[in-house]
Amino acid sequence: MSGTDRLLLSLMIKVALLDKKGAAFEQFFTAAAIELWGDDFEPWKPQGKYGDYKCDGYRRSNQTVFQCNAPEQFVARDVEGKIEKDFEGARAAFGERMKVWIFVHNQKETPANANALVHKLREKYPDINISIWTSGHLAREILALADAGLANLFPGFSAGQDFSPDLYEFLERRFDQSRPPIPVVELGPADNTNINAFNEAVEDLGEEDKEVRRRLLGYSQWFDPATKDEVIGRIAARGYSEEVILINAERLQQAGLIKITDNHYLSIVEEVGQQAAETLVDEFLEELEA
């Protein structure tokens, strides 16, 4: 799969995970799980007074119980109680048939108290492998699918083919192109009416640094997770030295806008990253049409 195909697919997965709530999210997870694991995965549906045994899906080979959570409003303080109730309910229902328990939600991060609870549950039940999957974890699993599985989940996506009208419609919705492009403005001391988060992050820089940071922020949001090789390669191809790229990445990390790991640049402030990504949409469209 080309980098362009992977970028488009990543965006489609993100939108699908964020858009789907409640039963729709469970259905999407079930469809993805069937593509991933075939007959090894059993979808579970609530049955009257018996409920669903606190199980939205069961993988037979490793005795995994999956529980999904994508409420209309994701309230951090509610997640801890949901995890505890669902885990204890599944443990009571499955007993020795549950070796792994995975709580799947559609947010990028898990609230701290919920993670702390999971740590306590692991200490209390060391024989059960307890995990939380965020949207990023589920997206990673889906991205590993073969083309046939991806086509089943996303009928509008076809790797290596022309950029279709359906995908244009998707991009217009994803980037909200009904709005004008975000302006890069020079502000005088008394003029602060047009400041937005992205401009605030780069407004005092020289043009070279400003452009490099725009792309670091935008690519980190686009590719999420963005590999260093991909980001550095794209920026270097436009004539910027690797030294300048690395220096500006460090400064963005010091400003709390991205996180640098051994292999990735990760967007931290979504508003800034999204605004930077929107300024690059024409580049993205040109690649897809190439």
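Hydrogens, waters and symmetry mates play no part in the numbers below; they use all other heavy atoms, side chains included.
For E35, the side chain to side chain donor-acceptor pair (under 3.5 Å) criterion is met by N152, not counting sequence neighbours. Among residues two or more places apart in sequence or in another chain, the side chain to side chain donor-acceptor pair (under 3.5 Å) test is passed with N69 by none. Applying the salt bridge (Lys or Arg N to Asp or Glu O under 4.0 Å) test to K228 and every residue at least two apart in sequence or in another chain returns nothing. R122 pairs by the salt bridge (Lys or Arg N to Asp or Glu O under 4.0 Å) definition with nothing, not counting sequence neighbours. Remark: N129 pairs with V100, S131 by the side chain to side chain contact (heavy atoms under 4.5 Å, CB included) rule, at least two apart or across chains. For N62, the side chain to side chain donor-acceptor pair (under 3.5 Å) criterion is met by T64, not counting sequence neighbours. Every residue two or more places apart in sequence or in another chain that forms a salt bridge (Lys or Arg N to Asp or Glu O under 4.0 Å) with R91 is listed here: E88. In this structure A249 satisfies the side chain to side chain contact (heavy atoms under 4.5 Å, CB included) test together with L216, I258, I260, Y265, sequence neighbours excluded. Scanning for salt bridge (Lys or Arg N to Asp or Glu O under 4.0 Å) contacts around E123 gives an empty result, with sequence neighbours left out. Checked against side chain to side chain donor-acceptor pair (under 3.5 Å), T110 has the following partners two or more places apart in sequence or in another chain: H105.
Remark: F66 CZ to L138 CG distance equals 9.5 Å, nearest 0.5 Å. A distance of 6.0 Å separates CG of L217 from CG of L257, quoted to the nearest 0.5 Å. From K120, atom NZ reaches atom CD of E80 across 7.0 Å, with rounding to the nearest 0.5 Å. Within the model, atoms CZ of F29 and CD1 of I142 stand 9.0 Å from one another, a figure rounded to the nearest 0.5 Å. Taking CZ of F87 as the start and CD1 of I102 as the end, the distance is 12.5 Å to the nearest 0.5 Å. If you take CZ on R238 and CD1 on I245, they are separated by 11.5 Å, rounding to the nearest 0.5 Å.
In K21, the NZ atom is crowded: over 12 heavy atoms of neighbouring residues, nucleotides or ligands sit closer than 6.0 Å.
Between N248 and the options R214, R213, R215, Q253, a side-chain hydrogen bond (donor to acceptor under 3.5 Å, both in side chains) holds for only R213.
Residue F25 comes nearest to K20 through the heavy atom pair CB-O, 3.6 Å, listed as atom of the first residue, atom of the second, then distance. Between I235 and Y240 the shortest heavy-atom distance is O-CD1, 3.5 Å. The two atoms that bring S220 and A226 nearest to each other are CA-CB, 3.8 Å, heavy atoms only. For the residue pair T134 and Q107, the shortest heavy atom distance occurs at CB-O, 3.2 Å. For the residue pair A114 and V79, the shortest heavy atom distance occurs at CB-CG1, 3.9 Å. Closest of all the heavy-atom pairs between G256 and I268 is O-CG2, 3.7 Å.
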Self-check item: Chi angles and distances behind the side-chain contact (heavy atoms from CB on, under 4.5 Å) call for F28, L17
Solution: CA-CA 8 Å; F28 179 78; L17 294 177; 3.7 Å; yes
Mind running side-chain contact (heavy atoms from CB on, under 4.5 Å) on W101 and I83 for me, showing each step along the way?
CA-CA 10 Å; W101 184 80; I83 288 174; 3.8 Å; yes
* To do: Just do the side-chain contact (heavy atoms from CB on, under 4.5 Å) check on F41 and T30 with the steps written out, would you?
  => CA-CA 9 Å; F41 178 79; T30 295; 4.1 Å; yes
In sequence, state the C-alpha distance, the side-chain angles, and the governing distance for Q221 and V272, and then conclude on side-chain contact (heavy atoms from CB on, under 4.5 Å).
CA-CA 9 Å; Q221 183 74 18; V272 174; over 6 Å; no
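Pairs of residues two or more places apart, or lying in two chains, that qualify as salt bridge (charged side-chain N to carboxylate O under 4.0 Å, His left out) and include a residue from residues 58-68 are D40-R59, E42-R60. Pairs engaging residues 240-269 under the salt bridge (charged side-chain N to carboxylate O under 4.0 Å, His left out) rule: none recorded [sequence neighbours left out].
Counting only distance, with no hydrogens or angles, the side chain of D56 and the backbone of C68 share a donor-acceptor pair below 3.5 Å. With hydrogens and angles ignored, the 3.5 Å screen pairs a side-chain donor or acceptor of Y58 with a backbone N or O of R97.
Under the 4.5 Å side-chain criterion, counting only non-hydrogen atoms from C-beta, Q63 is not in contact with E96.
In this structure, W44 and F94 have tilted ring planes: the angle between them lies in the 30° to 60° band.
Taking 4.0 Å as the cut-off between side-chain N and carboxylate O, D86 and K82 count as a salt-bridged pair.
Both L145 and L143 are part of a single hydrophobic cluster, where members link through side-chain heavy atoms under 4.5 Å apart.
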